[in-house]
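Everything on this sheet refers to the single structure shown next.
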Amino acid sequence: MLRQAVILIGGLGTRLGERTRLIPKPMLDIGGRPFLDTLIDELVRYDVFEEILLLAGHKAEIVETHYAGASRGRARIVVSREAEPLGTAGALVHASGLLHDRFLLLNGDSLFDFNLLDLIAGATSGRVHMALRAGVEGDRYGRVVMDGDMVRAFVAPGAGSTGPVNAGVYVVDKSIVAGIAKLPASLEQDAFPGLAACGELRGTAYCGYFIDIGVPDDFARADRELREKLRRPAVFFDRDGVLNHDSGYTFEAHKLEWIEGAHAAVKAVNDAGYFAFVITNQSGVARGYYEEHHVVALHRWMADRMAEVGAHIDAFEYCPDHPDGTVARYCRTSDRRKPSPGMITDLAERFPVDLTRSMVIGDKPSDIEAAQAAGLPGHLFEGGNLEAFLKQRLNPADKV
């Protein structure tokens, strides 16, 4: 699993005119906050990246002031500053000492809402594997010519061009940096054509919301619609008995047994553009059987196992409290403990959840009661294959 995400934010942004004279393009407000904040939040919710490296150039001091030394979730943020414009490929050369052997690379002026972990899990060959946006209309973007998953050529923007569009998201092998001999240099113009010629450039096409803020019309469109476009329905999964077999107070990874189809079910939720949440009562903490750090460690292990197949949970919520607990600080009634809906409502406050299209999947009446208390449909899972159970209940328009 890749642990580093790198964002290119060094361009001058000249097509946006006066807006970018004093502010880097990715730092401009879109929907009431810096666009780069939104990109970083989208990375952080996957909970696999330990470092986010920002390759800054134009007005880099603004980026450094805002982010240097900060952390978001599991990831620390590092800023690499260019002294002069080096191009998208040159930025990688300049920061080569900071790059991991393999990393996720994103353009800082566009957002593509698809399952990033699917791209990462599928990038098993080629030195660069790019995400492509299928179905883009119009002549603004160049097109990519594919042969299976191999990128064969690039077609310049213009009337009549067809095919998927380079969406500016890549899994990159650091070895490509050694082939960039002359600076400044562009990935798209100087590096990718040579990689395509030798069969080292692969691609996978995805659907999903795509926006590039590089021209005034699309900048204005993103400002109008981005916040609502990132509002998603959610599937709230109970844990024991739904994702893993309920063997009684599970807290050790080596004793956890996955439910058949659990990983695939979570990935189906991710691929359909939903949030995936876990809401689990953990009264074993209140009863003194294990501690909270055991719960957190198990959830980290579960997340890493799911990431291997391109699946992720956006947030693991648990309630350690129980009114009959033997550990004093947890011996209490909590509105987060199911059948109360507190974990659901807390998540809906922290994330832009569309509750009108969300659902709960549980294996106990308390799960269904919590769903009803939150105004959501609850589906009782009584065993079998979780993926099959889940796919029957996803909105057909969202199925992938």
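With contacts defined as side-chain heavy-atom distances shorter than 4.5 Å, the pair Ile279/Phe237 does not qualify.
No side-chain donor-acceptor contact under 3.5 Å links Tyr274 and Arg357. Looking at His129 and Thr204, their side chains do bring a donor and an acceptor atom within 3.5 Å of each other. Tyr46 and Asp314 form no side-chain donor-acceptor contact under 3.5 Å, judged by distance and modelled atom types alone. Side-chain N/O atoms of Thr88 and Glu188 include a donor and acceptor closer than 3.5 Å. Remark: the Glu225 side chain and the Tyr209 side chain contain an N/O donor-acceptor pair separated by less than 3.5 Å.
Look at Arg393 and Glu387 and you find no salt bridge, because none of the NZ, NE, NH1 or NH2 atoms lies under 4.0 Å from a carboxylate O.
Around CZ of Arg33, the count of heavy atoms belonging to other residues, nucleotides or ligands within 6.0 Å exceeds 12. By the 6.0 Å contact criterion, CZ on Arg305 is enclosed, its count of non-hydrogen atoms from other residues, nucleotides or ligands being greater than 12. No more than 12 heavy atoms of other residues, nucleotides or ligands shown are found within 6.0 angstrom of CD on Gln189.
In this structure, Ile368 belongs to a hydrophobic cluster whose other members, linked by side-chain heavy atoms under 4.5 Å apart, are Leu380.
Ring geometry for Phe154 against Phe192 counts as parallel: the plane angle stays under 30°, on a 0 to 90° scale with 60° as the upper cut. Ring geometry, Trp301 versus Trp258: the interplanar angle falls under 30°, so the pair is classed parallel (tilted spans 30 to 60°).
Under the 6.0 Å distance and 45° angle rule, Arg19 counts as a cation-pi partner of Phe219.
Residue pairs satisfying the salt bridge (Lys or Arg N to Asp or Glu O under 4.0 Å) criterion with at least one member in residues 338-352, sequence neighbours excluded, are listed as follows: Asp238-Lys338, Glu317-Arg350, Arg336-Asp346, Lys338-Asp367.
Leu39 CG to Leu54 CG: the interatomic distance, rounded to the nearest 0.5 Å, is 10.0 Å. Tyr330 contributes atom OH, which lies 12.5 Å from atom OG of Ser283 (distance to the nearest 0.5 angstrom). For the atom pair CD of Gln282 and CZ of Phe251, the computed distance is 11.0 Å after rounding to the nearest 0.5 Å. A distance of 9.0 Å separates NZ in Lys267 from CG in Leu117, rounded to the nearest 0.5 Å. A distance of 11.5 Å separates OG in Ser334 from NE2 in His322, rounded to the nearest 0.5 Å.
Scanning all heavy atoms of the two residues, the minimum distance from Gly241 to Phe381 falls at O-CD2, 3.5 Å.
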Acceptor/donor pairs from residues 119-127 side chains to any protein atom, 3.5 angstrom cut, sequence neighbours excluded:
unit_1, atom_1, unit_2, atom_2, d
Ser125, OG, Arg202, NH1, 3.2
Arg127, NH1, Ser175, OG, 3.4

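Taking the six-membered ring for Trp and the full ring otherwise, the centers of Phe277 and Phe316 sit at least 6.0 Å from each other.
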